[in-house]
Amino acid sequence: MNKLILEDYNLEMTLLGGQAFNWDFEDECFYGFTQSRIIKLMPVETCRGKSLLQWQTYPENDDIDFLKSYLRLDVNYKNILNKIQKDRYVKTAVKKYPNLRLVKQDFEETLLSFIISTNNNIKSIRKYIRLLSQKFGKSINVNGDKYYLFPRTEVIAEAKLEDLLSCSLGFRAKYLKGTAKYLLENKLTKKIHKLSEENTRIELKKIKGVGDKITDCVMVFSLGFDNITPLDVWGKRVLTDFYKVNKKMKYKDMRRWIENYFEGYAGWAGQFLFEYIRHQ
DNA sequence: TCTCAGGGGCGAT
DNA sequence: ATCGCCCCTGAG
């Protein structure tokens, strides 16, 4: 296995929190599945904020470029922490959930995953995505054990609606299939990475089943817009309970408020505040 | 057994 | 701009 030293990086909170639904912790290892690879991360030693990690990717091995990009090892984390700690709420959250990070996920997987998140809780979302992967994803052999990849977009696009429904997706099934088709027909993945913030939002909201909240999730969790944070029920609670923002305020205005307040880092701040208020 | 809410969004009004 | 509804599940 390959080795990597991680500094100030809480894998558990980062990978098993609400930003990604495709990681599991078993036998002291983190296993992740994407559309093209299984990732195994094994923390072996921790000392003063640094931890030694053994890792491997499957079926193609040694994909360090993927890992670096996914974990965002290039960010200046200390600088981000300095920027976001503007009040006692963030300061408390940073203390309670040290070394929480944002990762950068694949665009299509993120979009498809958050379609499933609609009016659902994290536990259910994780469950449905696994059902979907077992039914539609390719299986990969990792040291004799079987792991399933996240379904390819083409497979979801061509899946029978009844087969999607058998994964307990309910009314989300038609949005999932429709989104997969839309991605392919419009070659959206190629285009989306070149757009401005405003145009990215416009393009994403054209998709049936994608509104303000899912748009924001995709933009911060996969497209690198660090100043966006999803205002779901918890995000709204952060604003109304902590910052005394008017409950009646529109989504757009709430978003403007928090983006303005955190000056470029609302995405990072939002992750901390989300964990904080969700566990209160 | 029942109610309720869950990292929402659509379509009708 | 508001509101009922969507499909399902786990918690209480």
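As a basis for the values below, the full set of heavy atoms in this structure was taken, side chains included, without hydrogen atoms, waters or symmetry mates. Order of the sequence lines sets the chain letters (A, B, ...), proteins ahead of strands, with each chain counted from 1.
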- prompt: Are A:Ile80 and A:Phe221 connected, step by step, through hydrophobic side chains (Ile, Leu, Val, Met, Phe, Trp, Tyr) whose heavy atoms are closer than 4.5 Å?
  reply: yes
- prompt: Taking the six-membered ring for Trp, is the centroid-to-centroid distance between A:Phe114 and A:Phe21 below 6.0 Å?
  reply: yes
query: Can you give the dot-bracket line for DNA chain C, using ( ) for pairs inside the strand, [ ] for pairs that cross earlier ones, | for pairs with another strand and . for unpaired bases, where Watson-Crick and G-U count if both distances are under 3.5 Å?
result: ||||||.|||||
Residue met sooner reading DNA chain B from 5', once A:Asn121 and A:Lys208 are mapped to nucleotides: A:Asn121
- prompt: Any luck finding a side-chain donor-acceptor pair between A:Tyr251 and A:Asp216 under 3.5 Å?
  reply: yes
task: Please determine if A:Lys40 and A:Asp145 form a salt bridge, counting it only when a charged side-chain N lies under 4.0 Å from a carboxylate O.
output: no
query: Are A:Lys206 and A:Glu203 close enough for a salt bridge, meaning some N to O gap below 4.0 Å?
result: yes
message: What is the separation between atom NZ on A:Lys213 and atom P on B:dG8, rounded to the nearest whole Å?
response: 5 Å
- prompt: A:Gly18 near the nucleic acid: base, sugar-phosphate alone, or nothing, with a heavy-atom cut-off under 4.0 Å?
  reply: base
message: Quick one: does any side-chain atom of A:Arg255 pair with a main-chain N or O of A:Leu231 as donor and acceptor, under 3.5 Å?
response: no
- prompt: When all nucleic acid strands are considered with a 4.0 Å heavy-atom cut-off, which category describes A:Tyr251: base, sugar-phosphate, or nothing?
  reply: nothing
field: Separation of B:dG11 C1' from A:Lys205 NZ (nearest whole Å)
entry: 15 Å
- line: Walking DNA chain C from its 5' end, the first of A:Lys250 and A:Leu165 to be reached, judged by nearest nucleotide, is A:Lys250
query: Rounded to the nearest Å, what distance is computed from the CZ atom of residue A:Arg237 to the P atom of nucleotide B:dG8?
result: 10 Å
message: Applying a 4.0 Å non-hydrogen cut-off, can you work out what A:Ile207 is touching in the nucleic acid: base, sugar-phosphate, or nothing?
response: sugar-phosphate
- prompt: Touch check for A:Glu275, heavy atoms < 4.0 angstrom, all strands: base, sugar-phosphate only, or nothing?
  reply: nothing
message: Could you tell me how far apart A:Ile116 (CD1) and B:dG9 (P) are, to the nearest whole angstrom?
response: 14 Å
query: Looking only at atom P, what distance separates B:dT1 and C:dC7, rounded to whole Å?
result: 24 Å
field: A:Gln19 side-chain N/O to A:Arg101 backbone N/O, donor-acceptor pair under 3.5 Å
entry: yes
query: Taking the side chain from A:Thr14 and the backbone from A:Leu100, do they hold a donor-acceptor pair closer than 3.5 Å?
result: no
message: So, OP1 or OP2 of C:dG10: does either fall under 4.0 Å of a side-chain N or O from A:Lys127?
response: yes
field: Residues within residues 168-187 of chain A bordering DNA chain C, heavy-atom distance below 4.0 Å
entry: A:Ser168, A:Gly170, A:Phe171, A:Arg172
task: Nearest whole angstrom, please: distance from the C1' of C:dT9 to the CD1 of A:Ile125.
output: 12 Å
- prompt: Within less than 4.0 Å of OP1 or OP2 of C:dT9, is there a side-chain N or O belonging to A:Arg126?
  reply: no
- prompt: Can you check the A:Met254 CE to B:dG8 C1' distance for me, whole Å?
  reply: 15 Å
For residues 271-280 of chain A, please give each side-chain donor-acceptor pair under 3.5 Å, one per line with the distance, not counting sequence neighbours.
unit_1, atom_1, unit_2, atom_2, d
A:His279, ND1, A:Tyr97, OH, 3.4
A:His279, ND1, A:Glu275, O, 2.8

query: With ring centroids as reference points, do A:Tyr243 and A:Tyr89 lie under 6.0 angstrom apart?
result: yes
query: Quick one: A:Lys236 NZ to B:dG6 P, roughly how many Å, whole number?
result: 11 Å
C:dA11 OP1/OP2 closer than 4.0 Å to side-chain N/O of A:Lys123: yes
task: Using atom CG of A:Asn119 as one end and atom P of C:dC7 as the other, report the distance to the nearest whole Å.
output: 12 Å
- prompt: If each of A:Asp212 and A:Ser124 is mapped to the nucleotide of DNA chain B with the nearest heavy atom, which maps nearer the 5' terminus, i.e. the 5' end?
  reply: A:Ser124
